[in-house]
Amino acid sequence: ILGLQPLLYGAYVHEGTIPDYRLGLLSAAELFAIAVGSGIAVKLLRSRPVLPVTLLGVTLLCLGNLLDAEKGNALMLFAYRGIAGSGAGLLVGLAASAIAKTNRIGFWAGVYLFGQAFTQYGVMRWFAAYLPDADSLSVQTSLVVAAAAVLLIVPFLPKRLHFAEEREVLPLQRPTGRGLVGLAAMFFCIGGT
């Protein structure tokens with residue numbers, strides 16, 4: 001979703017669904033929904049199977065993108081983007097939980113982020129080449145197709161997430177200074193964007 005926000009939000013402004021000065025608030029609301037959905041997924045996956053969390057995430061992401069806000073109805077748009085964001089967050093939380101349970105966390109996190117950025121860049125380039133004046137519904141439809149494509153990998157998902165090998169359970173520790181600086185940098189980067 002985040003890689004397509006400029007295209008999608010530009011279409012909302014062009015169509016008159018939302019004024020441009022409210023885009024920052026819309027983006028913040030969608031990011032908040034993604035963060036909340038991600039946190040919920042991480043919590044759910046500790047005691048629930050993978051399949052229901054995946055299906056709920058795909059369903060919410062598709063539903064939020066299939067709903068089309070009326071022109072000028074920004075409140076409806078906020079609600080729909082919140083639904084889509086929460087679904088995306090569930091899927092992000094699933095990916096984060098799966099990555100956290102591997103032995104090569106850095107490698108798989110990099111693969112995930114690269115794949116996400118690469119596919120979003122590809123979709124943006126496709127729209128630039130073939131549908132430069134795309135309306136919001138076209139962009140949202142592409143997000144629905146991408147979300148539905150997740151269903152193709154459902155048979156390959158494990159029933160539950162487990163660590164790759166038995167690990168010693170460590171007590172929870174406070175975040176390090178370096179980790180806090182990284183979180184602050186991400187916060188300002190995403191906020192600035």
Nearest non-hydrogen partners of [X] and [Y], listed with the distance:
X    : Y    : value
L60  : G87  : CB-CA, 3.6 Å
R22  : A74  : NH1-CB, 3.6 Å
G89  : A41  : O-CB, 4.4 Å
S142 : V139 : OG-O, 2.6 Å

Does [Y] offer a backbone N or O that forms a donor-acceptor pair with the side chain of [X] under 3.5 Å?
X    : Y    : answer
N73  : A69  : no
E15  : D135 : no
Q140 : L67  : yes
R104 : A109 : no
S138 : A134 : no
S86  : G82  : yes

Side chain proximity check, V13 to P19, heavy atoms < 4.5 angstrom
no

Below 4.5 Å, heavy atoms only, C-beta onward: do K159 and P49 meet side chain to side chain?
no

Among the clusters formed by ILVMFWY side chains lying less than 4.5 Å apart, do [X] and [Y] turn up in the same one?
X    : Y    : result
L55  : V50  : yes
L61  : F32  : yes
M124 : L143 : yes
L8   : V145 : no
W108 : V92  : yes

Determine, stepwise, if the pair Y9 / E30 fulfils side chain to side chain donor-acceptor pair (under 3.5 Å).
CA-CA 11 Å; Y9 287 13; E30 191 164 1; 2.4 Å; yes

Check step by step if side-chain contact (heavy atoms from CB on, under 4.5 Å) holds for Y12 and L26.
CA-CA 11 Å; Y12 289 148; L26 178 63; 4.1 Å; yes

For S27 and L31, run side-chain contact (heavy atoms from CB on, under 4.5 Å): C-alpha distance rounded to whole Å, both residues' side-chain angles, the deciding distance at 0.1 Å, then the answer.
CA-CA 6 Å; S27 180; L31 284 171; 4.1 Å; yes

Could you work out, with salt bridge (Lys or Arg N to Asp or Glu O under 4.0 Å) as the rule, every residue matching K43, not counting sequence neighbours?
none

Tell me whether L152 at atom CG has more than 12 heavy atoms from other residues, nucleotides or ligands lying less than 6.0 Å away.
yes

Give a yes or no on whether F107 atom CZ has more than 12 heavy-atom contacts from other residues, nucleotides or ligands under 6.0 Å away.
yes

I need the [X] [atom1] to [Y] [atom2] distance, nearest 0.5 Å.
X   : Y    : atom1 : atom2 : result
H14 : S136 : NE2   : OG    : 10.5 Å
M76 : R81  : CE    : CZ    : 14.0 Å
K71 : L77  : NZ    : CG    : 10.0 Å

Parallel, tilted or perpendicular, as decided by the 30° and 60° cut-offs, for the rings of W126 and Y130:
tilted

Applying side-chain contact (heavy atoms from CB on, under 4.5 Å), run through I18 and F78 and close with a yes or a no.
CA-CA 10 Å; I18 189 170; F78 273 80; 3.8 Å; yes

Carefully, step by step, assess T54 and L157 under the rule side-chain contact (heavy atoms from CB on, under 4.5 Å).
CA-CA 9 Å; T54 305; L157 295 176; 3.7 Å; yes

Matching residue for Q116 among F114, F118, Y112 - test: side-chain contact (heavy atoms from CB on, under 4.5 Å)
Y112

In V53, L90, L91, the residue satisfying side-chain contact (heavy atoms from CB on, under 4.5 Å) with V58 is L91

